[in-house]
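Working notes, beginning with the structure itself.
All values below were derived from every heavy atom in this structure, side-chain atoms included, with hydrogens, water molecules and symmetry-related copies excluded.
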Amino acid sequence: MSQHKPLTILFSAGESSGDRHAANMFLELKKHQPDIKGIGMGGSKMAEAGIDIRYDSSNIAVIGVVEVIRHYREIRRALKLMQEIIETERPDLLVCVDYKEFNFKLAKFAKQCGIKVLFYVSPQVWAWRPGRVKKYGEVIDMMAVIFPFETAYYDAENVPVRYVGHPSVDKVHPQYNKAEAMRRFEMDEKQPVIGLLPGSRANEIKRMLPVMLKAAERLQLSLPGLQFILPQADSISGELLEGYLRQSPVKVTVVKNQPYDVIQCCDAVMTTSGTATLEIALLTVPMVIAYKLSPLTYRLGRWLVNTPFIGLPNIVAGRSIIKEFIQQEATAENLAAEINRILTNEIYANEMRENLSRVKEQLGHGGGSKNMAELALAMLSGEVLLKTRNQLFK
């Protein structure tokens, strides 16, 4: 009698947000099919979920042209390893999570080997290079998008697409109420709390944390009694943070593994662009967004990108509801001035909270990880070919 061979899914996640998304999806898959096997490239969250990590993606979690060039050899090594896994272990499905350029190449290779490909988190075709929709359509079997407006781009080119919901909606839930979190972090409830979110990549920390600390210095001089708190990303070492914090006269409380409890304690947040901006929006906390890239990457971006915003709350809202300071405008002076305005102008802060509440409503009720698991299983069984998007997720 032949033994039942468990299904194997190969995951490819190159950054901390993708690591979390893949981990949550796999946990949902295990609920449906306990013997399913997960292998691939990722980080600590995927490993905790039970995925066999063959390559630690923290080695290649970089952004920008210059940074990619610097890490090119290691990125090539990771790609070659993942391609070898596809060839030798023949997974039943490849799930590519974000990390666009790398995963495009991996998806193309998998398709050539006859492996089904599910791409999770669409490239931002609404921001730049919309022609990529056709190219992705040639190397994937299904695109799973996390914003409702993204489906139209793929439908227009007859590329299979499903809106699965944004994964942040499900996971952005503090463990404690605000009062309990404040006590645990030893924060004074009578004094305002400012969050510092300098990013989840080492190069983001190097560029943005010194600016945020300088802004904190300015704020402390103008508004004595302010408290500062920083949720440490899994992908960032304590040593890296400590190197910058030691040089600052501002006391900053660093908290590991509790980003949402930290954010809910804040009266305002300084943050880099990325998924964090949406997570802050879901907790309706006022913020200012700042970002710096290498000069070359920034010049290329200005030439290629055709959206006026980089912050996801502004993109979802379709207008500027949060101040963005990019490149030379991302100064300590500008960040401090905006945080000062949020703290001292109640009408301004309340309007921002109302706008963030609308963004939260637009993102819906969640279920992204569950929908992704159901989509993957439907693809594995062939069932997905018989269903429309509306039939699949009601």
Glu279 and Tyr260 side chains, donor-acceptor separation under 3.5 Å: yes

Residues Leu356, Met287; criterion side chain to side chain contact (heavy atoms under 4.5 Å, CB included); working and verdict: CA-CA 10 Å; Leu356 291 174; Met287 73 186 99; 4.0 Å; yes

Test: Arg358 and Glu361 ion pair at under 4.0 Å: no

Shared hydrophobic cluster for Leu79 and Ile115 (ILVMFWY, side-chain gaps under 4.5 Å): yes

Within 6.0 Å of CZ in Arg76, more than 12 heavy atoms from elsewhere: no

Main-chain N/O of Pro148 paired to Thr151 side chain as donor or acceptor, under 3.5 Å: yes

Side-chain (Asn314) to main-chain (Ile321) donor-acceptor, under 3.5 angstrom: yes

Side chain to side chain contact (heavy atoms under 4.5 Å, CB included) between Glu242 and Val254, worked out: CA-CA 9 Å; Glu242 190 56 34; Val254 177; 5.9 Å; no

Side chain Arg162, main chain Met372, donor-acceptor under 3.5 Å: no

Backbone N/O of Leu118 and side chain of Asp141: donor-acceptor pair under 3.5 Å: no

Contact summary for Met208 and Ala290, nearest pair of heavy atoms: CE-CB, 3.6 Å

Test item: Glu204 side-chain N/O and Ser200 main-chain N/O as donor-acceptor pair under 3.5 Å: yes

Lys206 atom NZ, neighbour heavy-atom count above 12 within 6.0 Å: no

Crowding at NZ, Lys178 (>12 non-hydrogen neighbours, <6.0 Å): yes

Ile140 vs Lys111 side-chain heavy atoms within contact, under 4.5 Å: no

Close side-chain approach of Val262 and Thr253, heavy atoms under 4.5 Å: no

Ile326 reachable from Val269 in the ILVMFWY side-chain graph, under 4.5 Å edges: yes

Residue pair Tyr120, Leu375: steps toward the side chain to side chain contact (heavy atoms under 4.5 Å, CB included) verdict: CA-CA 11 Å; Tyr120 186 17; Leu375 176 55; over 6 Å; no

Nearest heavy atoms of Ile86 and Ala110, plus distance in Å: CD1-CB, 3.8 Å

Gap between atom CD of Glu329 and atom NZ of Lys323 - 0.5 Å precision: 9.0 Å

Between Ser122 and Tyr154: side-chain donor-acceptor atoms closer than 3.5 Å: yes

Close side-chain approach of Ile263 and Leu197, heavy atoms under 4.5 Å: yes

Heavy-atom closest pair, residues Gly238 and Gln232: N-NE2, 3.4 Å

Atom NZ of Lys105 with >12 non-hydrogen neighbours under 6.0 angstrom: no

Modelled atom types, side-chain donor and acceptor of Arg218 and Asn340, under 3.5 Å: no

Donor-acceptor pair, side chain of Lys116 and main chain of Met379, under 3.5 angstrom: yes

Residue Lys108 excluded, over 12 heavy atoms near NZ under 6.0 Å: no

Validation row: Gln33, Leu377 side chains within 4.5 angstrom (heavy atoms): yes

Inter- and intrachain pairs under salt bridge (Lys or Arg N to Asp or Glu O under 4.0 Å), touching residues 180-190, at least two apart: Glu180-Arg183, Glu180-Arg184

Verdict with supporting geometry, Leu230 and Leu209, side chain to side chain contact (heavy atoms under 4.5 Å, CB included): CA-CA 10 Å; Leu230 188 158; Leu209 185 53; 3.9 Å; yes

Exercise: do Glu74 and Tyr55 side chains pair donor with acceptor under 3.5 Å: yes

Any donor-acceptor pair under 3.5 Å from Asn103 side chain to Ser12 backbone: yes

Contact summary for Thr284 and Ser357, nearest pair of heavy atoms: CG2-OG, 3.5 Å

Transitive ILVMFWY side-chain link Val285 to Val255, under 4.5 Å: no

Nearest non-hydrogen partners of Pro313 and Ile322, listed with the distance: CB-CG1, 4.3 Å

Beyond-backbone contact of Ser369 with Arg20, side-chain heavy atoms, under 4.5 angstrom: no

Transitive ILVMFWY side-chain link Leu27 to Val95, under 4.5 Å: no

Nearest heavy-atom neighbours spanning Ile342 and Ala349: O-CB, 3.4 Å

Heavy-atom neighbours of Leu221 CG exceed 12 at 6.0 Å: yes

Sub-4.5 Å side-chain heavy-atom contact between Leu94 and Phe109: no

Cluster overlap Ile51 with Leu7, hydrophobic side-chain contacts below 4.5 Å: yes

Candidate pair Arg54 and Glu89, rule salt bridge (charged side-chain N to carboxylate O under 4.0 Å, His left out), full reasoning: CA-CA 12 Å; Arg54 304 293 181 81; Glu89 301 190 38; 2.5 Å; yes

Gap separating the OG atom of Ser222 from the CG atom of Leu343, nearest 0.5 angstrom: 9.0 Å

Donor-acceptor under 3.5 Å (Thr277 side chain, Gly274 main chain): yes

Under-4.0 Å salt bridge between Glu138 and Lys134: no

Gln328 side, atom CD; Asn334 side, atom CG - distance, nearest 0.5 Å: 10.5 Å

Distance in Å, Cys266 SG paired with Ile229 CD1, rounded so as to fall on 0.5 Å steps: 6.0 Å

Criterion side chain to side chain contact (heavy atoms under 4.5 Å, CB included) against Met212, the qualifying member of Val288, Val250, Ile339, Leu335: Leu335

Mutual orientation of the aromatic rings belonging to Phe149 and Phe147 [parallel < 30°, tilted 30-60°, perpendicular > 60°]: parallel

Flag side-chain contact, heavy atom, 4.5 Å: Leu213 against Tyr244: yes

From CD1 (Ile280) to CE (Met270), nearest 0.5 Å: 11.5 Å

Check: Gly243 main-chain N/O paired with Gln247 side-chain donor or acceptor under 3.5 Å: yes

Inter- and intrachain pairs under ring pair (Phe, Tyr, Trp, His ring centres under 6.0 Å), touching residues 25-44, at least two apart: Phe11-Phe26

Non-hydrogen side-chain atoms of Ile85 and Leu10 separated by less than 4.5 Å: yes

Glu324 (side chain) donor-acceptor with Ile310 (main chain) under 3.5 angstrom: yes

Ser248 OG to Glu217 CD distance, which is reported to the nearest 0.5 Å: 5.0 Å

